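First the proteins, then the strands, lettered A, B, ... as listed; each starts at 1. If you're wondering where the values come from, they're calculated on a predicted model, not measured in any experiment. Every heavy atom of this structure was used, including side-chain atoms; hydrogens, water molecules and symmetry mates were not.
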Protein chains: 2
Amino acid sequence: MNNDELMKLDNQLCFAFYACSREITKLYRPLLAELGLTYTQYITLLALWEQDNVSVKELGAKLLLDSGTLTPLLKKLESMGLLTRARDKSDERHLVVRLTMKGEQLREKASCVPVRLFEGTDVEPEELFALRKQVQTLMSKMSEAT
Amino acid sequence: MNNDELMKLDNQLCFAFYACSREITKLYRPLLAELGLTYTQYITLLALWEQDNVSVKELGAKLLLDSGTLTPLLKKLESMGLLTRARDKSDERHLVVRLTMKGEQLREKASCVPVRLFEGTDVEPEELFALRKQVQTLMSKMSEAT
DNA sequence: TCTATATAAATTGTATGCAATTAATTGGGT
DNA sequence: ACCCAATTAATTGCATACAATTTATATAGA
């Protein structure tokens, strides 16, 4: 590819990912709206449903988000009654996040989301699986560089 | 995959894309900082370097962004002296965006960005090319659904 | 014990994204 | 010429992202 080609928008991997990521979020939006959640709130809960009782630091490591993003997000989820935020007694620097009963229960209602997401599209599960693997490989290669 | 597996964060295609997209942006950041640009400003300029003299509407169609995002972004680029914003004389509803000399010239300095991006990583160009194709296919399938 | 350093969250400031609304302009139909 | 629906940007409000700074706490070492 020559230099002109290399600079075309449609030839940028970055743009493909950037646009696709937002497009996927758009598929989620109506499903998550039924649960009263935004996309970021949803993936935060996915992480908590897998492992509860974690610090902001640990949560941030999983979601690749820092406290600047997580603090207001968690305060919002707290105000919605889905989780509690409390300092760790053994080390007051850590803030421990715990799901409430309501937060736990939301998992049931959310369990249909992954299944419903690509309903009505021409996308095959195998295709998704293979693509996800490749994306994760790329991710790990980029992480090594930074 | 059973339901528990389906709800794991690492099994979400959406999260893979979301995280990967932000990781790619991180690779860009130091390179674009040399040009004084953010990532969104950069892809906006990529679109304009390909086709100048476009309306906000047309630009938004290429970048998949609406006026709510583009208006402040374009005002910023205007204040940086990279482009001009003016109403179309033949239809005052349209706002036409034109690159300035300075905006045109920035293209030269930016031309090394795509090449330098994955330097120092273990990522092969063929890998990127194949992956981009797959992502674009997924994109088009999702667009059909909406 | 006292202090310097390290660590974790919160805060601040800037830049997106996007839904919903508003304002200005245009073109079709009467 | 006049009214009305459609079109395009801009605006408003809310929710992220993230760098940089600040605050509070913990710990190692003099």
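- Which of C:dG17, C:dT16, D:dA26 sits closest to the side chain of A:Glu92 comes down to D:dA26.
- The pair A:Asp10-B:Lys62 does not meet the salt-bridge criterion, since no charged nitrogen lies less than 4.0 angstrom from a carboxylate oxygen.
- A straight line from CD of B:Glu78 to C1' of D:dA10 spans 14 Å, rounded to a whole angstrom.
- Atom CZ in A:Arg87 sits about 7 Å away from atom P in C:dA9, given to the nearest Å.
- Between the CG atom of B:Leu77 and the P atom of C:dA15 there is a distance of 11 Å, rounded to whole Å.
- We find that A:Lys75 and A:Glu78 are not joined by a salt bridge, their nearest charged nitrogen and carboxylate oxygen being 4.0 Å or further apart.
- Under the 4.5 Å side-chain contact rule for hydrophobic residues, A:Leu31 and A:Leu35 share a cluster.
- Between A:Thr71 and the phosphate of C:dA9, there is no side-chain N or O to OP1/OP2 separation shorter than 4.0 Å.
- Scanning residues 53-67 of chain B for heavy-atom distances under 4.0 Å to DNA chain D yields B:Ser55, B:Val56, B:Lys57, B:Ser67.
- Taking 4.5 Å as the limit, some side-chain heavy atom of B:Leu63 sits within range of a side-chain heavy atom of A:Phe15.
- The nucleotide whose nearest atom lies closest to any side-chain atom of B:Arg22 is, among D:dA17, D:dA15, D:dA9, D:dA17.
- Rounded to an integer number of Å, the gap from CG of B:Leu37 to P of C:dT16 is 10 Å.
- Among the nucleotides D:dA6, D:dT16, C:dA9, the one closest to the side chain of A:His94 is C:dA9.
- Between B:Tyr18 and A:Tyr39, the ring planes lie perpendicular to each other; the angle is over 60°, past the 30° to 60° tilted range.
- Look at OH on B:Tyr28: it is 18 Å from C1' on C:dA15, rounded to the nearest Å.
- Distance CZ (B:Phe15) to C1' (D:dA17): 14 Å, rounded to an integer number of Å.
- Listed pair A:Lys89 / D:dT25 fails the phosphate criterion, with no side-chain N or O lying under 4.0 Å from OP1 or OP2.
- At least one side-chain heavy atom of B:Asn53 sits less than 4.5 Å from a side-chain heavy atom of B:Val96.
- A:Leu70 comes within 4.0 angstrom of nothing in the nucleic acid, heavy atoms only.
- Look at A:Thr40 and you'll find a side-chain N or O under 4.0 angstrom from OP1 or OP2 of D:dA17.
- In this structure, of C:dT25, D:dT16, C:dC18, it is C:dC18 that holds the atom nearest to the side chain of B:Thr69.
- Side-chain atoms of A:Leu138 and A:Leu13, non-hydrogen and from C-beta on, do get closer than 4.5 Å to each other.
- When side chains are defined from C-beta on, A:Arg85 does not count as touching A:Val56, because their heavy atoms never get closer than 4.5 Å.
- Atom NZ of B:Lys75 and atom P of D:dA10 are 6 Å apart (whole Å).
- You'll find that the side chain of B:Arg29 is closest to D:dA19, out of D:dA19, C:dA8, C:dT11.
- Mapping B:Asp91 and A:Leu73 onto DNA chain D via the closest heavy atom, the residue that lands nearer the 5' end is B:Asp91.
- Between the C1' atom of C:dA15 and the CD atom of B:Gln41 lies a distance of 8 Å, rounded to the nearest Å.
- Mapping B:Gly68 and A:Ile43 onto DNA chain D by nearest heavy atom places B:Gly68 at the nucleotide closer to the 5' end.
- Of the side-chain N and O atoms in B:Tyr18, none sit less than 4.0 angstrom from OP1 or OP2 of D:dT16.
- The B:Arg85 side chain lies nearest to D:dA10 when the options are C:dG17, D:dA10, C:dT11.
- Out of C:dA15, C:dT26, C:dT11, the shortest distance to the side chain of B:Arg93 is found at C:dT26.
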